[in-house]
Visitor: 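First the structure, then my questions, so here it is.
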Number of protein chains: 2
Amino acid sequence: MTTASEGTAKEALIDALRRRGGRVTSQRLVINEILRELGRHATAEEIRERVEVHLPNVSLPTVYSTLELFEELGIVRSFRGGDGVTLYDPRTDPHPHLICESCGVATDLEAPLDLAGAIEAAKGAGFSPRTADLVVTGLCHSCASQA
Amino acid sequence: MTTASEGTAKEALIDALRRRGGRVTSQRLVINEILRELGRHATAEEIRERVEVHLPNVSLPTVYSTLELFEELGIVRSFRGGDGVTLYDPRTDPHPHLICESCGVATDLEAPLDLAGAIEAAKGAGFSPRTADLVVTGLCHSCASQA
DNA sequence: GTCGCTGCAAAGTATTTGCATAGCC
DNA sequence: GGCTATGCAAATACTTTGCAGCGAC
């Protein structure tokens, strides 16, 4: 299945790479495709496993460097999960995350969020903010039930 | 120098340990003292170095397990700094952090912060929140100047 | 005297780096 | 053909774990 949005995302990546003087490689195209297909955050290892299906022998260092590049291009955001593992998110709009202390699972929280005040305060403190993330830590529904 | 607040913090720790059935050891007392003295977040290694002055041969695993215990007791909060290193903070009230992407330094941001909405939204989503943290990522003043 | 805490050593794991090769431009 | 990106392997660094001895209670 190839949706219109996937096609658009692909063109956008190619344009961004060209503008940067970077190369359009199959690894980058597939990793981007996987991220759009997933539509949620994932670990580097998880992404590599899914890439494997479409394109064998993609190394983890390549996945890391590609995701770092995507983050610079602004098409991916990264944050640290509960167990300290880095998660990569195709959603680039700021949204709060819930992190379970027991099972480590991170989920999105759909809630209106006003980070403008904190960003302004940061600027006032001489800091140059790029992004702001809100993380709520606690127990997810299933872990809380088991306790 | 031994202030009244340090004395209070010491008594509070001893009480909390007793209630828990835990033991009052010199390592625990000194680590608590160092944290109150510092008054700001620090890494496990940094804490160990400072503890060394008062009490030699304290191992890093002991520092980690003590800080984990303190977190359970609610007298310390931990969070991940920019480079993925865990920071331990004697301030237990929620307050935003600024993390520099270039030098990795984490600083407190003194700003009024309304996390109640997000916490309520998390509850509404079936999540049991314990704490919420806001992290603003970007460049600190000195790193932004150098760029 | 008992049982938890500590110190030491070693393991575990996510991520980064170096270098030779392959492949995009 | 030049130069970037990739793959492989190894290194790095933080944190956790196992186990024997010490010390609080």
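Keep in mind that the numbers below use all heavy atoms, side chains included, and drop hydrogens, waters and symmetry copies. Chain letters run A, B, ... following the sequence lines, proteins first, then strands; residues in each count from 1.
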Visitor: Any residue in residues 62-82 of chain A with a heavy atom nearer than 4.0 angstrom to DNA chain C? Just list them by number, or reply none.
Guide: Y64(A)
Visitor: If hydrophobic clusters are built from ILVMFWY residues whose side chains come within less than 4.5 Å, do F79(B) and F70(B) share one?
Guide: no
Visitor: What is the distance, rounded to the nearest whole Å, between atom CG of L60(A) and atom C1' of dA5(D)?
Guide: 16 Å
Visitor: Is there a side-chain contact (heavy atoms from CB on, under 4.5 Å) between L13(A) and L73(A)? Walk through the geometry before answering.
Guide: CA-CA 9 Å; L13(A) 171 59; L73(A) 295 178; 4.1 Å; yes
Visitor: What pairs with H95(B) under side chain to side chain donor-acceptor pair (under 3.5 Å), at least two apart in sequence or on another chain?
Guide: D89(B), H97(B), D108(B)
Visitor: Across the strands shown, which category fits Q27(A) at heavy-atom distances under 4.0 angstrom: base, sugar-phosphate, nothing?
Guide: sugar-phosphate
Visitor: Please report the shortest heavy-atom distance between V76(A) and T92(A), naming the atom on each side.
Guide: N-CG2, 3.7 Å
Visitor: Given side chains that start at C-beta, do those of T86(B) and L67(B) come closer than 4.5 Å, heavy atoms only?
Guide: no
Visitor: Taking OP1 and OP2 of dT15(D), is either one under 4.0 Å from a side-chain nitrogen or oxygen of T86(B)?
Guide: yes
Visitor: For residues 14-30 of chain B, tabulate all N or O donor-acceptor pairs below 3.5 Å that involve a side-chain atom, not counting sequence neighbours.
Guide:
from   : atom 1 : to     : atom 2 : distance (Å)
R20(B) : NH2    : E72(B) : OE1    : 2.6
T25(B) : OG1    : R28(B) : N      : 3.3
R28(B) : NH1    : R23(B) : O      : 2.9

Visitor: Output the rounded distance in Å from CG (D83(A)) to P (dC14(D)).
Guide: 18 Å
Visitor: Where is the tightest heavy-atom contact between G39(A) and P90(A), given as atom of each residue plus distance?
Guide: C-CG, 3.7 Å
Visitor: So does E68(B) have more than 12 non-hydrogen atoms from other groups sitting under 6.0 Å from CD?
Guide: no
Visitor: Between R23(B) and dG23(D), is there a side-chain N or O to OP1/OP2 distance below 4.0 Å?
Guide: no
Visitor: Tell me what R20(B) touches on the nucleic acid: a base, only sugar-phosphate, or nothing, going by heavy atoms under 4.0 Å.
Guide: nothing
Visitor: Would a hydrophobic clustering, with Ile, Leu, Val, Met, Phe, Trp and Tyr connected at side-chain separations under 4.5 Å, put L87(B) with L98(B)?
Guide: no
Visitor: Students should find this one: the first and last nucleotides of DNA chain C, 5' to 3', lying under 4.0 Å from a heavy atom of chain B. What are they?
Guide: dC3(C) to dA9(C)
Visitor: Between L38(B) and A42(B), which heavy-atom pair has the shortest distance, and what is it?
Guide: CD1-CB, 3.8 Å
Visitor: Check the distance between dT4(D)'s P and R18(A)'s CZ and give it to me in whole angstrom.
Guide: 16 Å
Visitor: Round to a whole Å and report the spacing from CG of L17(B) to P of dC25(D).
Guide: 9 Å
Visitor: Give the table of side-chain donor-acceptor pairs shorter than 3.5 Å for residues 132-141 of chain B, with sequence neighbours excluded, one pair per line with atom names and distance.
Guide:
from    : atom 1 : to     : atom 2 : distance (Å)
D133(B) : OD1    : R77(B) : NH2    : 2.6
D133(B) : OD2    : R77(B) : NH2    : 3.4

Visitor: Quantified as the angle between the terminal helix axes (five pairs each), what is the overall bend of the helix from dG1(C)-dC25(D) to dC25(C)-dG1(D) to 10 degrees?
Guide: 40°
Visitor: Report the residue (T25(B) or T43(B)) whose heavy-atom-nearest nucleotide on DNA chain D is the more 5′ of the two.
Guide: T43(B)
